[in-house]
Amino acid sequence: MQQAIFRAIRAIPRGRVAAYGEVASRAGLPGRARLVGRVLRESPASAKLPWHRVLRADGRLAFPEDSVPHAEQRKRLSREGVELLSGRVPRRFFAWRDVELDEALWGPR
DNA sequence: AGCGTGACAAGGT
DNA sequence: GACCTTGCCACGC
């Protein structure tokens, strides 16, 4: 099951991000976002996961703003062209967002 | 067993 | 947006 979570995380394209809940759903574990967080927390660096692409649904990073890990994650994202605005990653950087519904409601772009 | 806690989410005010 | 509340689930005490 941890494997499913790893797969979902590795499936996030470079330069894009995904919310914990999204990852959980894509791993076949809807409603278990916290599990994703716990698995991530306990995964060794050797797992070589793009962990920095996983963040909260509202675009904020899970780590406290003043923390070292937060800075590290922000740096890694920045290196892929993902910048935070007002402390959060804009919706346009989210992978797997329901583009069709967005366009139906708000029009293309 | 009960309860607080957490790399969370969604809905309401 | 900021907060709160509720739902969720695994852990540790």
Side-chain angles (χ1 to χ4, degrees):
Chain A
M1 159 271 269
Q2 194 182 52
Q3 288 312 314
I5 293 177
F6 282 1
R7 278 208 323 283
I9 294 177
R10 282 194 249 264
I12 307 172
R14 226 163 58 266
R16 321 227 72 196
V17 298
Y20 292 90
E22 265 304 314
V23 171
S25 296
R26 291 228 154 207
L29 302 165
R32 304 179 68 177
R34 300 194 94 124
L35 176 61
V36 174
R38 190 172 66 80
V39 167
L40 230 37
R41 183 182 55 191
E42 294 169 0
S43 326
S46 59
K48 293 204 177 347
L49 294 166
W51 59 269
H52 55 287
R53 297 181 190 144
V54 186
L55 59 177
R56 291 189 183 174
D58 62 5
R60 285 177 303 175
L61 308 190
F63 300 111
E65 288 207 25
D66 48 38
S67 70
V68 172
H70 183 288
E72 172 64 18
Q73 184 169 17
R74 185 167 55 65
K75 188 168 80 176
R76 287 174 179 246
L77 287 172
S78 170
R79 212 158 51 199
E80 300 184 350
V82 178
E83 304 292 347
L84 312 213
L85 293 180
S86 303
R88 69 186 61 214
V89 173
R91 292 179 53 72
R92 64 172 179 282
F93 289 114
F94 279 70
W96 311 325
R97 109 193 97 133
D98 193 336
V99 178
E100 304 190 3
L101 178 57
D102 277 4
E103 293 187 350
L105 293 174
W106 300 98
R109 283 301 157 235

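No experiment lies behind these values; they were computed from the predicted model shown. First the proteins, then the strands, lettered A, B, ... as listed; each starts at 1.
Listed by chain and number, the hydrophobic cluster partners of A:V89 are A:V17, A:L55, A:L61, A:L77, A:V82, A:L84, A:F93, A:F94, where partners are ILVMFWY side chains within reach of under 4.5 Å, directly or through others. In the hydrophobic clustering (ILVMFWY side chains linked at under 4.5 Å, chained through shared members), A:V68 stands by itself.
The shortest heavy-atom contact between A:F63 and A:Q73 is CD1-OE1, 3.5 Å. Of all heavy-atom pairs spanning A:A8 and A:W96, the tightest one is O-CH2, 3.5 Å.
Within residues 2-22 of chain A, no residue approaches DNA chain C, by heavy-atom distance under 4.0 Å. Taken residue by residue, residues 45-59 of chain A places no heavy atom nearer than 4.0 Å to DNA chain C. The stretch residues 33-41 of chain A comes close to DNA chain C through A:R34, A:R38, each having a heavy atom under 4.0 Å from the strand. Less than 4.0 Å separates DNA chain B from at least one heavy atom of each of the following residues of residues 61-73 of chain A: A:A62, A:F63. Of all the residues in residues 82-90 of chain A, A:R88 reach under 4.0 Å from DNA chain C with at least one non-hydrogen atom.
Protein chain A contacts DNA chain C over a range whose 5' and 3' limits, counting nucleotides with an atom under 4.0 angstrom from a non-hydrogen atom, are C:dG1 to C:dC11.
With C1' as the reference atom, C:dC8 and B:dT5 are 13 Å apart, rounded to whole Å. Rounded to a whole angstrom, the distance from the C1' atom of C:dC13 to that of B:dA7 is 22 Å.
Legend: residues meeting side chain to side chain contact (heavy atoms under 4.5 Å, CB included) with A:E83, ordered by chain and number and at least two apart, are A:S78. For the salt bridge (charged side-chain N to carboxylate O under 4.0 Å, His left out) test, no residue two or more places apart in sequence or in another chain qualifies with A:R7.
Ion pair A:D58/A:R60 flagged as a salt bridge, since at least one NZ, NE, NH1 or NH2 atom sits closer than 4.0 Å to an Asp/Glu carboxylate oxygen.
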Contacts under 3.5 angstrom, residues 21-37 of chain A side chains, donor-acceptor by atom type, not counting sequence neighbours:
{"residue": "A:S25", "atom": "OG", "partner": "A:G21", "partner atom": "O", "Å": "3.2"}

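One finds the CZ atom of A:R53 at 10.5 Å from the CD1 atom of A:I9 (value rounded to the nearest 0.5 Å).
Under the 4.5 Å side-chain criterion, counting only non-hydrogen atoms from C-beta, A:P64 is not in contact with A:H70.
Applying the side-chain hydrogen bond (donor to acceptor under 3.5 Å, both in side chains) test to pairs two or more places apart or on separate chains, those with a residue in residues 35-52 of chain A are A:R38-A:E42, A:H52-A:E80.
Between the CD atom of A:E42 and the P atom of B:dT5 there is a distance of 19 Å, rounded to whole Å.
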